[in-house]
Amino acid sequence: MFDLKWIRENSEAFDEGLKRRGLGPLSAEVLKIDEERRSHLQALQDAQAERNNASKEIGKAKASGDEAAANAAIEKVAKIKSFIQSGEDTEREINERLTALLSSIPNLPHDDVPIGEDETQNELMRQVGGVPSFDFEPKEHFEIGEALGYLDFETAAKMSGSRFVLLSGPLARMERALAQFMLDLQTETHGYTEVSPPIMVKKNALYGTGQLPKFEEDLFKTTGDHYLIPTAEVPLTNIAADCIIDDDYLPRRYVAYSPCFRSEAGSAGRDTRGMIRQHQFMKVELVSITRPDQSDEELERMTSCAEEVLNRLGLAYQVLKLCTGDMGFGARRTFDIEVWLPGQDTYREISSCSVCGDFQARRMNGRYRVEGEKGTHFVHTLNGSGLAVGRTLVAVLENYQQADGSVVVPEVLRPYMNGLELIEPAKK
RNA sequence: GGAGAGGUGGCUGAGUGGUUGAAAGCGGCGGUCUUGAAAACCGUUGAGCGUUUACGCGUUCCGGGGGUUCGAAUCCCUCCCUCUCCGCCA
């Protein structure tokens, strides 16, 4: 959501930002409605002032028992009434148009975000860790997992259809181990506060983070009024909704382990094999609520918190700065972390860290106050995966696979897996 | 699922049609007192929008929306949310 006053005063910068996003200019349309609204408001408010004065007169006249004067004033006001009535209708209608337009406009990218149409134009920031070499042809994760007997798409499809998976035995355990390891790292080493949030939310929460009203088709909705969260970003960021936080409490850092639900409406045919793209997956999510002057630095920090998971797991990855065309709706700047998958012979997204500025804060009315100062300001919000657990499991399987089909358990996970060092095929 | 109660400013909480943007308390800010602090006392303290060089002026806001009325925090309708009791239950 944008500050109307800012658009009014920076209409060129606004259109320029939209252009960088690959969108046409909108300031003219916005300002036209704004203009309409303001000139209308002036007339309406004059009429209201007149009515209020007359009403006070009536009050006084009645109090002093002067019925004649009261009736005269009532008659006078009656004439303005219909104008005010229709004027209020018009105001409502204009406001609705304005909010509808404003709430569908994506956030503007930071100046340093490269301009581009799609993921091919993202900017490579760094590559970390050596890509492992194999003296055999590395398999994809689903081949490995299915051969082990602990990764079962068929059984999942039987009860849930496509894009679901059933993990069992040591792989189910590894999913839990990964989550535990990530949570411990983010809370104990990086200072995040662990949260166990609701995973069903109402639409105002989704409006706050920007999934609604534009992306309803990506969400699962219950038969009631709840939606299943597509990411814990939604409940975590909405902690700040309708709050006024003292500035010395900022930044606030939250981490949550939760399932995520996505309809994948626009992805038919993509990543149909394996567990890369599922309707349901587990993720450890990081969210920061900061002051405006802290948010850029916080994005760097958050990204490195996510990277540390991969460092400790010994997985190779690269960090990209997303170009304008590949960024999400609410983001001003996004870093994607892509992990190396030997089976696919490529890097795949495993985390996405974004700074949203005050875009979400405006939508959810999340503010902070500086001690001793008058008034409030909008907070800045950031979110990032730390990490997507399902895809991390994929990465471990592919990177730690051996020629005989067994999979070595990364050292940092062993304490979480009862000391298990090697995953071998299930005995039938 | 059945029956009730309620949503008021940063917080607690009065207010049931007429100078009420709203008592009181807490908190915040300023001051007096004090070597300093605390306590006490005095004063002050909402937000959005429009307009104005500015002081200011106007308007809207007592969960959201609609209605009644010359006039609504106060009456009516509706939606949302919270809570209590009973039943069921992880």
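Numbers restart at 1 for each chain; the letters A, B, ... are given by sequence-line order, proteins then strands.
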Can you tell me if CD on A:Glu36 sees more than 12 non-hydrogen neighbours from other groups inside 6.0 Å?
yes

Using the side chain to side chain donor-acceptor pair (under 3.5 Å) rule, collect all pairs that involve residues 263-280 of chain A, keeping only residues at least two apart or in two chains.
A:Glu264-A:Ser267, A:Glu264-A:Arg277, A:Asp271-A:Arg277, A:Asp271-A:Arg348

Between A:Phe215 and A:Phe329, is the ring centre distance below 6.0 Å?
yes

Quickly work out the A:Ile244 CD1 to B:G9 P distance and round it to whole Å.
10 Å

Determine the Euclidean distance between corresponding C1' atoms of B:G67 and B:G17; express it in Å to zero decimal places.
15 Å

Side-chain atoms of residues 414-422 of chain A: list all donor-acceptor pairs with protein atoms under 3.5 Å, sequence neighbours left out, distances to 0.1 Å.
| from | atom 1 | to | atom 2 | distance (Å) |
| --- | --- | --- | --- | --- |
| A:Arg414 | NE | A:Val409 | O | 2.9 |
| A:Arg414 | NH2 | A:Val409 | O | 2.9 |
| A:Tyr416 | OH | A:Asp184 | OD2 | 2.6 |

Give RNA chain B the dot-bracket treatment, 5' to 3': Watson-Crick (N1-N3 with N6-O4 or O6-N4) or G-U (N1-O2, O6-N3) under 3.5 Å, [ ] crossing, | other strand.
(((((((..(((.....[.....)))((((((.......))))))((((((....)))))).(((((..]....))))))))))))....

Inspect the surroundings of CD in A:Glu123 and state if more than 12 heavy atoms from other residues, nucleotides or ligands are less than 6.0 Å away.
yes

What is the distance from CG of A:Asn53 to C1' of B:C57, rounded to the nearest Å?
12 Å

Once each nucleotide of nucleotides 68-74 of chain B is scored for protein heavy atoms under 4.0 Å, what B/S/- sequence comes out, 5' to 3'?
SSBS---

Expressed in angstrom and rounded to an integer, what is the separation of A:Glu91 atom CD from B:U60 atom C1'?
8 Å

Taking only the P atom of each, what is the distance from B:A14 to B:U68 in whole angstrom?
32 Å

Enter the distance from A:Leu183:CG to A:Glu188:CD here, rounded to the nearest 0.5 Å.
9.5 Å

Nearest 0.5 Å please: distance from the NE2 atom of A:His110 over to the OG1 atom of A:Thr324.
14.0 Å

Flag if over 12 foreign heavy atoms under 6.0 Å of NZ, A:Lys158
no

Length of the line joining A:Ile84:CD1 and B:G67:C1', which is rounded to integer Å
16 Å

So that I know where these two stand, are A:Phe2 and A:Phe14 an aromatic pair - ring centroids less than 6.0 Å apart?
yes

List every contact pair, protein side and nucleotides 48-53 of chain B side both N or O, where the distance is under 3.5 Å.
| from | atom 1 | to | atom 2 | distance (Å) |
| --- | --- | --- | --- | --- |
| B:C49 | O2' | A:Arg37 | NH2 | 3.1 |
| B:G50 | OP1 | A:Arg8 | NH1 | 3.1 |
| B:G50 | OP1 | A:Arg8 | NH2 | 2.6 |
| B:G50 | O2' | A:Gln42 | OE1 | 2.8 |
| B:U51 | OP1 | A:Arg38 | NH1 | 3.2 |

Euclidean distance for C1', B:C57 against B:G36 (whole angstrom)
46 Å

Does anything in residues 196-211 of chain A reach RNA chain B, meaning a heavy atom under 4.0 Å, and if so which residues?
A:Lys202

If you draw the axis of the six-membered ring of A:Tyr207, does the NZ or CZ of A:Arg363 fall within 45° of it and under 6.0 Å from the ring centre?
yes

Is it true that A:Tyr249 and A:Tyr368 have ring centroids separated by less than 6.0 Å?
no

If you draw a 6.0 Å radius around CD in A:Glu12, do more than 12 non-hydrogen atoms from other residues or ligands fall strictly inside?
no

Report yes or no: does A:Lys202 contribute a side-chain atom to a donor-acceptor pair with the main-chain N or O of A:His226 at less than 3.5 Å?
no

